[in-house]
Amino acid sequence: MTARVRLTVNGHPVDVPVGASVAAAVAHVTMRFRRSVNDAPRAPLCGMGVCFECRVQVDGIAHVRACMTPASEGMQVVTDA
């Protein structure tokens with residue numbers, strides 16, 4: 001049995017395997033991670049922290065790259081969807 005962590009994304013509880021990224025957890029709820037200055041929906045592109053398209057708010061800290069951040073128990077994630 002794989003160990004799991006529970007976090008919330010936009011107020012929705014999400015369970016993911018230990019070691020999964022915040023991006024994986026967000027994808028369970030929405031594919032809109034943020035909006036561009038032109039209000040276009042944005043989502044992870046590179047998956048390795050280069051494009052910054054996956055930025056979300058984590059525990060009150062803005063502009064966290066979801067693809068580079070491991071999900072952890074009790075984490076609160078907010079997207080700009």
Other cluster members, Val78 - Ile/Leu/Val/Met/Phe/Trp/Tyr, side-chain contacts below 4.5 Å: none
Co-members of Met48 in a cluster of I, L, V, M, F, W and Y side chains, linked at under 4.5 Å: Val50
Val58 side chain reached by Met75 side chain, heavy atoms, under 4.5 Å: yes
Closest approach of Leu7 to Ser72 (non-hydrogen atoms, all atoms of both residues): CB-O, 3.8 Å
Nearest heavy-atom neighbours spanning Phe33 and Cys54: CD2-O, 3.6 Å
cation_pi(Arg65, Phe52) dist<6.0 Å, angle<=45: yes
Listed partners of Gln76 passing side chain to side chain contact (heavy atoms under 4.5 Å, CB included), at least two apart: Thr8, Asp59
Pairs touching residues 20-29 that satisfy salt bridge (Lys or Arg N to Asp or Glu O under 4.0 Å), sequence neighbours left out: none
Salt bridge (Lys or Arg N to Asp or Glu O under 4.0 Å) contacts in which one or both residues fall within residues 17-31, not counting sequence neighbours: none
By side-chain hydrogen bond (donor to acceptor under 3.5 Å, both in side chains) - contacts of Asn38 (at least two apart): none
Identify each donor-acceptor pair in which a side-chain atom of residues 14-27 lies under 3.5 Å from a protein atom, sequence neighbours left out, and give them as a table.
residue: Asp15; atom: OD1; partner: Arg6; partner atom: NE; Å: 2.9
residue: Asp15; atom: OD2; partner: Arg6; partner atom: NH2; Å: 3.0
residue: Ser21; atom: OG; partner: Ala23; partner atom: N; Å: 3.3
residue: Ser21; atom: OG; partner: Ala24; partner atom: N; Å: 3.1

Spacing of Thr79 atom OG1 and Arg55 atom CZ [to the nearest 0.5 Å]: 13.5 Å
Donor-acceptor pair, side chain of Asp80 and main chain of Val56, under 3.5 angstrom: no
side-chain hydrogen bond (donor to acceptor under 3.5 Å, both in side chains) pairs, two or more places apart, involving residues 40-53: Arg34-Glu53, Arg42-Glu53
